[in-house]
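These notes are about the structure you will find just below.
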There are 4 protein chains.
Amino acid sequence: MRREKPKFKQIIDAAVVVIAEHGYHQAQVSKIAKQAGVADGTIYLYFKNKEDILISLFQEKMGAFIEKIEQETEGISSPLEKLYVLVKTHFSALAADPHMAVVTQLELRQSNKELRHRINEVLKGYLRLIDRIIMEGMEKGEFRQDLDVRLTRQMIFGTLDETVTTWVMNEQKYDLAALADPVYELLVKGCAAGR
Amino acid sequence: MRREKPKFKQIIDAAVVVIAEHGYHQAQVSKIAKQAGVADGTIYLYFKNKEDILISLFQEKMGAFIEKIEQETEGISSPLEKLYVLVKTHFSALAADPHMAVVTQLELRQSNKELRHRINEVLKGYLRLIDRIIMEGMEKGEFRQDLDVRLTRQMIFGTLDETVTTWVMNEQKYDLAALADPVYELLVKGCAAGR
Amino acid sequence: MRREKPKFKQIIDAAVVVIAEHGYHQAQVSKIAKQAGVADGTIYLYFKNKEDILISLFQEKMGAFIEKIEQETEGISSPLEKLYVLVKTHFSALAADPHMAVVTQLELRQSNKELRHRINEVLKGYLRLIDRIIMEGMEKGEFRQDLDVRLTRQMIFGTLDETVTTWVMNEQKYDLAALADPVYELLVKGCAAGR
Amino acid sequence: MRREKPKFKQIIDAAVVVIAEHGYHQAQVSKIAKQAGVADGTIYLYFKNKEDILISLFQEKMGAFIEKIEQETEGISSPLEKLYVLVKTHFSALAADPHMAVVTQLELRQSNKELRHRINEVLKGYLRLIDRIIMEGMEKGEFRQDLDVRLTRQMIFGTLDETVTTWVMNEQKYDLAALADPVYELLVKGCAAGR
DNA sequence: CATGAATGAGTATTCATTCAT
DNA sequence: AATGAATGAATACTCATTCAT
């Protein structure tokens, strides 16, 4: 299994650092190789091509991200609480890894359409997780019955994503994790005044 | 005023078509010139460089977009209704211009960080418009009093943006404008069941 | 006669200024037109093409230069004295027109081989003048009898040219005209100690 | 040391041939690469950019030229004889390498001002060598005591340079080396008849 | 005569990928 | 397995010249 070989991780980690520091368009293969401490050619013993590095990077990191959120929400029975933990974990995981935040929110989005479609494949795992929470919430009566699952998931993911992106573009100046509570409340109650 | 010269618009429209059809990275200057029916060199009589075409494109189109939404919401006194019209207009404007939708949601995001920052400057006008609706809503008691304006705006914009992007990535297969009502309701009421 | 039309001179003078200030490779036709206060297209009513401007420039200025030296040396009977006046006039004419000095010594030499050959045609008038002084000097016994005219002329012109070029490259910091006496003596006596 | 790698010399030699045959402005990088038998990109493993090829070319060739003249004049005690050997070697070295003669006398002078200044830096080594001969000649009493070293050097270099350039522009039709004797005599004795 | 908007040919340089060692 | 020298395709921009007004 290539994912277990030490150089596989070594190269992916190097890619994250190089992209975060130099930006997507300045992340040449040779720069990644240098950062990883291997020869340019060695990259191609572990990855099919440059795109494959980026896809693998996203798979590895996003996979861990999803797994973490799944673990955190696993034992929880209340869908609303699950949603809260998801928001909290989403924010704190990215706040804890500033390099990764820059890479996922800004740099990787500069990739071409094909790569972005591949990335979306990976993202789907996360979106399905959100979908499951929504459906469970509707079943258990904690969420409104008339929700459109896809639209609700788009609201949740869109809000989280926009919040993190704004935070990254503001150079991560404020405490992202602290936004979990008000954002959760917004998603749950909406913006209108209650009756 | 260069913006009023016919070739200025002609070239920008050509750029939209070329980028939508061939993608950002395949939108060579010569391809845009050909589509516009002018010589390569003519481009440079109206634009400083390639990046300037893209920035101008975004300014022109986004400017018209914002202006349209401002006009539509102008006479309305209820902030909630303003929000509804904003959602509706946002969706229908992009649904009415599929090329532009592809360009703004997918292609232009591949641009480098500098261009994206310039684009964000233009976007700010739109975000400020949303902010004003939120503040007015709080003042008039239609929105909750404890809202964080920035977070609320990020929810609204993030949700709209994610919804449009998903629609574009699904090849605009369904009716985007029809989503205005449920999305509006989601934003206003949130996803939780009422008490 | 085009040479007598005011715009002809106007454009040539503009070319000298532009080339001296911006350098040969930055002396675009449009810049010369602007400096001359005419439209780009007007240039082509007076000159066949850009090269023609430069050739005409050289002909006009070099023609006046040669004429001046011919006039100064005309009444003089002694070839040695003629040579002295030539050296003196060569230096003082260029010292009096710093723009022109930069143009002839540095900028115009960046032109392509063909233009340089055309320029050499013009220069030949000057070289023939030097030749005549040498031959007269040999006839009148003031110059050595065994001189090779071409080589002697190359020594004279090469020395003057190198001296002016060095002066221009040193930013015309010292008094060029003051070098006429020692340079003349060098050309006449050579560098060896007399017997 | 890049100068010792075979491809470094290979590319420089190719540049000399291409420039001599096609002229400075027609010496595209791809043409040089083809002549050198390498890929375009390989050029940039050995040279920073195109200008660097030309500067290196001049440094390599002019360096060898100066070294050769230094070696030839080394053991000689008489400054006059040193001057003779310098003239002789200058002419015969350029006569032996017609390509290089075209490149140094005609083509490289078309380069822009910056490159020409870099080239002059290299030339200074040669001018200093001439200066040393002049000063030694004055000390040993073989040269006149009242010489201005700079002017004398300008006469010597200017004469040699003009002689070679004329020879190149006449398509190297006559025997340049044979001119060493009369040119030397001119430089030493001047053109005036002895007393 | 004069204008100036429009033309379009031409070129240095980068970098993902290969393959002989 | 690992290396790194070599490859070569691909593209924005300038500016001399024209010609309809």
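Hydrogens, waters and symmetry mates play no part in the numbers below; they use all other heavy atoms, side chains included. First the proteins, then the strands, lettered A, B, ... as listed; each starts at 1.
- For DNA chain F, runs of at least 3 consecutive pairs of the Watson-Crick or G-U wobble type, with both hydrogen-bonding distances under 3.5 angstrom, map to E:2-21 with F:2-21.
- In the displayed structure, D:Lys9 atom NZ is contacted under 6.0 Å by at most 12 heavy atoms of other residues, nucleotides or ligands.
- Across the interface with DNA chain E, nearest-nucleotide mapping of D:Glu51 and A:Asp40 shows D:Glu51 to be the residue nearer the 5′ end.
- Checked by atom type and distance alone, the side chain of C:Lys31 pairs as donor or acceptor with a backbone atom of C:Gln26 at under 3.5 Å.
- Remark: B:Arg118 does not engage B:Glu121 in a salt bridge, criterion side-chain N to carboxylate O under 4.0 Å.
- Among the atoms of the strands shown, only primed sugar atoms or phosphate atoms (P, OP1, OP2) are found under 4.0 Å from some heavy atom of C:Lys7.
- D:Phe47 comes within contact range of no nucleotide atom at all, as no heavy-atom separation falls under 4.0 Å.
- Going from atom CD of C:Gln28 over to atom C1' of F:dC15 covers 7 Å, rounded to whole Å.
- Computed from coordinates, the D:Lys5 NZ to F:dG4 P distance equals 12 Å when rounded to whole Å.
- Rounded to whole Å, atom C1' of F:dA1 lies 7 Å from atom OH of A:Tyr46.
- As rounded to whole Å, 13 Å separates atom P of F:dC15 from atom OH of C:Tyr44.
- Side chains of C:Asp13 and C:Gln35: a donor-acceptor N/O pair is absent below 3.5 angstrom, by distance only.
- Between A:Ala39 and D:Val38, it is A:Ala39 whose nearest contact on DNA chain F lies nearer the 5' terminus.
- Atom CG in B:Leu45 sits about 13 Å away from atom P in F:dC15, given to the nearest Å.
- Between the side chain of A:Thr42 and the main chain of A:Val38, no donor-acceptor pair closer than 3.5 Å is present.
- To the nearest 0.5 Å, the span separating NZ on B:Lys34 from CD1 on B:Ile32 amounts to 13.5 Å.
- Annotation: side chain of C:Arg109 is not in contact with side chain of D:Gln110 (no heavy-atom distance under 4.5 Å).
- The environment of A:Arg116 atom CZ is dense: over 12 non-hydrogen atoms of other residues, nucleotides or ligands sit within 6.0 angstrom.
- Note: NZ (A:Lys34) to P (F:dT3) measures 14 Å, nearest angstrom.
- Distance alone, capped at 3.5 Å, is enough to place a donor-acceptor pair between the B:Asn49 side chain and the B:Asp52 backbone.
- Using a 4.0 Å cutoff to heavy atoms of chain D, the contacted part of DNA chain E runs 5' to 3' from E:dT11 to E:dT14.
- When heavy atoms are screened at a 4.0 angstrom cut-off, D:Val29 is found touching base atoms of the nucleic acid.
- Protein atom NE2 of B:His22 is 13 Å distant from nucleotide atom P of F:dT11, rounded to whole Å.
- For the pair B:His25 and C:Lys50, nearest-nucleotide mapping onto DNA chain F gives the more 5' position to B:His25.
- Rounded to an integer number of Å, the gap from CD1 of A:Ile43 to P of F:dG4 is 13 Å.
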